[in-house]
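What follows is a single structure, written as structure tokens, with notes after it.
So you know, we letter chains A, B, ... as the sequences are listed, proteins then strands, and number each from 1.
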Amino acid sequence: MTPMLEIRDLHVSVENREILKGFSLTVGHGEVHAIMGPNGSGKSTLAYVLAGREGYEVTSGRVEFLGQDLLAMEPEERAAAGLFLAMQYPVEIPGVANMYFIRQALNAIRKARGESEIAPSEFMRKLRSAAKLVGIRDELLKRDVNAGFSGGEKKRNEILQLAMLEPKFAILDETDSGLDIDALRTVAEGVNALRSPERSFLVITHYQRLLNYVAPDVVHVMVDGRIQRSGGKELALELEEKGYEAFGEAA
Amino acid sequence: MTSLAVARRRAEPVPELGSLFERVRQRLPGREVETLARIRETAFARFLELGIPTQKAEEWKFSPVLRVINRPMALARRPDLPLAELSRWFAGGTSARRLVFANGHPLPELSHLGGLPEGVRITSLSRAIAEMPGRVAEVLAGLDDGRSFTFLNTALTECGALIEVADGVEVEAPLQLLFLSAGEASATMTHPRLYLRLGEKASLHLLEVHAAAVPGPVLTNLVFQIDLGAGARLVREKLQLGDEATSFLGRTVMRLETGARLLDNVATLGGGFVRNESELVLDGPGIEALLNGVYMPRGHEHVDTLIRVHHRAPRCHSNQFYKGVIEDKAHAAFAGKIIVHRDAQKTDAYQANNNLLVSDEAEVDTKPELEIYADDVRCSHGATVGDIDAQALFYLRSRGLPKEAAESLLVYAYAGEVLERFRDPVLVGLARQAVLERVPGGEMLEAEGLV
Ligand SMILES: Nc1ncnc2c1ncn2[C@@H]1O[C@H](COP(=O)(O)OP(=O)(O)O)[C@@H](O)[C@H]1O
Ligand SMILES: [Mg+2]
């Protein structure tokens with residue numbers, strides 16, 4: 001069976017500076033992989049490159065998403081193919097109501113897949129239950145996308161979109177940063193509820209904390225643009241104890 | 001300054017315009033009232049003396065007004081309009097009261113002023129001239145702002161209204177002033193004159209809609225004098241839906257007294273040449289004035305906004321938020337100035353003008369200015385000219401929206417965001433529809449749920 005995602009020896013530069021220096025990773029169906037690493041190690045760069053943001057130069061390497069050449073696709077094509085990125089810094093879009101935005105996104109993806117638009121009543125039902133799952137107030141659905149949302153509300157809103165768009169592969173870029181323990185638990189419960197044999201996750205985090213709630217199948221330690229070590233859950237604990245320095249030296 | 005320099009800043013009216021007053025004076029309302037006749041005559045003489053500002057004049061640097069006004073034009077006649085179709089520009093909901101003008105002439109068939117509370121007096125200019133010429137003379141002569149187009153208006157005005165709300169009267173029902181233009185084969189012009197006085201603690205929600213009912217070259221030169229008494233509250237919402245052939249020169253001169261509150265919203269969504277001038281004098285302490293505006297010129301349209309806010313008294317708060325989307329070969333200009341006089345301590349004033357250029361050939365000139373003579377004030381301003389926000393675009397695309405649709409949505413949102421501060425839902429609906437029509441690729445956006 002083709003894996004969900006296969007990254008082979010990826011080199012990426014930003015403004016002529018190499019950030020990803022031979023990054024390789026294979027994620028199977030239904031797996032949850034965690035990537036941990038110090039600030040500046042290239043975690044967000046990886047996430048953005050996978051989602052198709054401009055400004056990153058892939059100098060070599062390949063990424064296959066369900067057997068397709070991911071890097072050749074436009075961001076919206078990646079979304080339609082089932083890729084989702086919960087961003088570290090969600091963007092505010094004044095003038096666009098959150099609810100409208102989510103419906104447009106859902107319908108755009110359905111359309112790209114040759115499906116019909118979602119019926120308004122079904123959309124509302126789905127939205128209500130997703131909002132409940134991630135603990136988003138109704139009022140935030142009517143407000144402009146992320147505008148005036150607190151840090152925690154923005155993160156919940158990302159998971160709300162994840163629940164609505166039902167991707168095959170979700171990248172969570174530091175969704176846990178800046179969340180208090182209650183919010184963290186809600187977000188983690190949301191993620192856990194969405195886990196399934198058909199859906200894989202790449203959970204990028206700076207702390208071991210989130211992994212107490214979202215149990216990963218594999219933990220990778222990323223330092224200086226590549227994976228330095230991979231292991232089970234216990235690796236996260238080891239990391240917490242020894243710090244990243246120990247792993248950096250291994251490079 | 002040499003007279004040559006002055007001459008370059010002013011152009012002489014073409015003969016047809018220069019002689020217009022002589023040709024029409026015998027049919028202007030109030031011709032038999034001597035004081036009025038004299039005021040008009042003097043005003044036209046001032047107009048001739050001042051001439052028409054060229055682009056050498058500082059305040060007209062970005063706007064070639066000569067091209068729209070300095071040509072032979074007759075005063076517009078009352079057109080025959082299909083009345084049933086005009087209700088599409090009605091705003092304010094079922095309780096609204098309404099005055100409708102076609103090429104400046106009142107359309108009593110569509111106007112509705114019944115059942116207004118005691119203390120509200122709305123008189124059309126022609127009736128006011130017949131019934132209280134002294135008051136009209138006071139109003140007309142009461143505005144000597146040294147502007148040629150104000151004098152031209154005073155000399156030639158045939159229509160308009162005097163609106164007076166007595167102390168303490170809060171008018172619940174919105175009042176709509178609907179100005180419809182109807183073009184003829186040759187260019188025409190109209191000079192509506194409006195006067196509004198809100199007494200102490202009085203309040204009013206005023207809706208001003210300008211629309212081209214029949215496309216064609218009509219120039220509207222509107223002068224609006226507004227007096228807000230102490231503690232009065234005015235919400236004024238202006239929607240401009242002209243077409244490429246219409247021109248609009250609008251000047252609002254507003255005086256606010258102690259503790260008055262103003263919300264002034266403007267959406268300019270059509271018009272070949274539009275100049276919106278607002279001059280606000282904050283004449284007592286504790287006044288609040290919030291001015292929001294959005295403009296979206298396309299094709300060869302030109303929209304110019306000029307705002308002057310005079311802080312003359314302490315502890316007043318004024319905010320200006322103007323946003324524009326400029327498309328095709330259109331041109332927008334914004335010049336706003338906050339003037340804080342010496343006694344206006346504790347002034348809090350802000351001005352922002354943000355512009356989105358969506359075509360390589362679109363142009364914008366923005367010039368925010370502060371002139372401060374007091375020392376204990378908080379004043380700032382900012383202006384931006386930019387492109388579609390790349391981060392927002394990526395965010396939308398990463399959620400599956402195709403690039404073109406995402407761009408359209410962001411352009412729509414950029415302009416539409418201003419409308420969130422508007423009050424009348426019907427007017428907002430009209431404005432949103434006009435915005436959507438103007439957004440490149442707007443037809444791709446699903447209108448339903450788009451706030
Ligand atoms: N758009 C960018 N422009 C310039 N430098 C960037 C950009 N994005 C990332 N970088 C640099 O790349 C490195 C990795 O950043 P990032 O991927 O955000 O790391 P992490 O998410 O692991 O903290 C950092 O040194 C950062 O400064
Ligand atoms: Mg990061």
Side-chain angles (χ1 to χ4, degrees), chain A residues 47-48 50-56 73-87 89-113 117 120 123-124 141-147 154 157-158 161-162 164-165 167 171 173, chain B residues 267 292 294 296 321 323-325 352 354-356 358 384 386-422 425 428 431-432 435-436 438-439 441-451:
Chain A
Y48 282 135
L50 294 179
R53 190 161 111 155
E54 278 173 26
Y56 299 92
M73 296 158 80
E74 297 293 334
E76 57 269 35
E77 293 171 335
R78 301 181 194 202
L83 185 121
F84 180 89
L85 166 62
M87 294 188 198
Y89 303 108
V91 182
E92 299 191 8
I93 309 185
V96 180
N98 204 16
M99 206 150 96
Y100 177 84
F101 158 64
I102 295 172
R103 200 183 68 217
Q104 295 305 303
L106 184 57
N107 280 335
I109 287 174
R110 288 171 73 119
K111 200 171 151 199
R113 291 179 185 159
E117 287 193 354
F123 173 76
M124 284 315 296
L141 301 174
K142 290 179 193 135
R143 285 243 291 272
D144 290 350
V145 181
N146 294 327
K154 284 182 183 167
N157 201 34
E158 294 292 284
Q161 293 166 46
L162 167 61
M164 290 299 289
L165 301 180
I171 306 161
D173 189 2
Chain B
N292 298 302
V294 57
M296 258 186 117
F321 298 107
K323 258 178 149 184
V325 175
N354 300 311
N355 297 280
L356 187 62
V358 294
T384 62
D387 236 327
I388 289 178
D389 180 353
Q391 290 207 49
L393 185 63
F394 171 65
Y395 192 70
L396 293 178
R397 294 179 73 190
S398 79
R399 298 313 187 233
L401 270 74
K403 182 163 184 258
E404 293 72 26
E407 283 174 344
S408 298
L409 184 56
L410 289 173
V411 172
Y412 175 86
Y414 190 88
E417 192 244 347
V418 179
L419 299 175
E420 289 174 13
R421 293 191 289 275
F422 280 51
V428 169
R432 287 200 181 282
V435 168
L436 197 57
R438 281 175 177 256
V439 169
E443 64 284 350
M444 282 186 299
L445 299 179
E446 210 177 294
E448 205 225 321
L450 200 59
V451 294

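For the pair A/Y100 and B/L409, the minimum side-chain heavy-atom distance is below 4.5 Å.
With a 4.5 angstrom heavy-atom cutoff, A/R78 does not touch chain B via any of its atoms. Contact annotation for A/P90: both backbone and side-chain heavy atoms come within less than 4.5 Å of a heavy atom of chain B. In this structure, no portion of A/A80 lies under 4.5 Å from any heavy atom of chain B. Of the two parts of B/L445, the backbone and the side chain both hold a non-hydrogen atom closer than 4.5 Å to a non-hydrogen atom of chain A.
Sorted by first then second residue, the side-chain hydrogen bond (donor to acceptor under 3.5 Å, both in side chains) pairs that include residues 388-398 of chain B, not counting sequence neighbours, are A/E74-B/R397, A/E76-B/R397, A/N146-B/Y395, A/E158-B/Y395, A/Q161-B/Y395.
Under the 3.5 Å distance criterion, the side-chain polar atoms of B/R399 are left unmatched by any main-chain donor or acceptor of A/F84.
Looking only at heavy-atom pairs under 4.5 Å with chain B, the residue among A/P75, A/A79, A/A108, A/G55 that has the most is A/P75.
Atom-to-atom distance recorded for B/E420:CD and A/R143:CZ is 11.0 Å, nearest 0.5 angstrom. Note that the CG atom of B/L396 and the CD1 atom of A/I93 stand 4.0 Å from one another [nearest 0.5 Å].
Nearest heavy-atom pair across B/F394 and A/M87 is CE2-CE, 3.4 Å.
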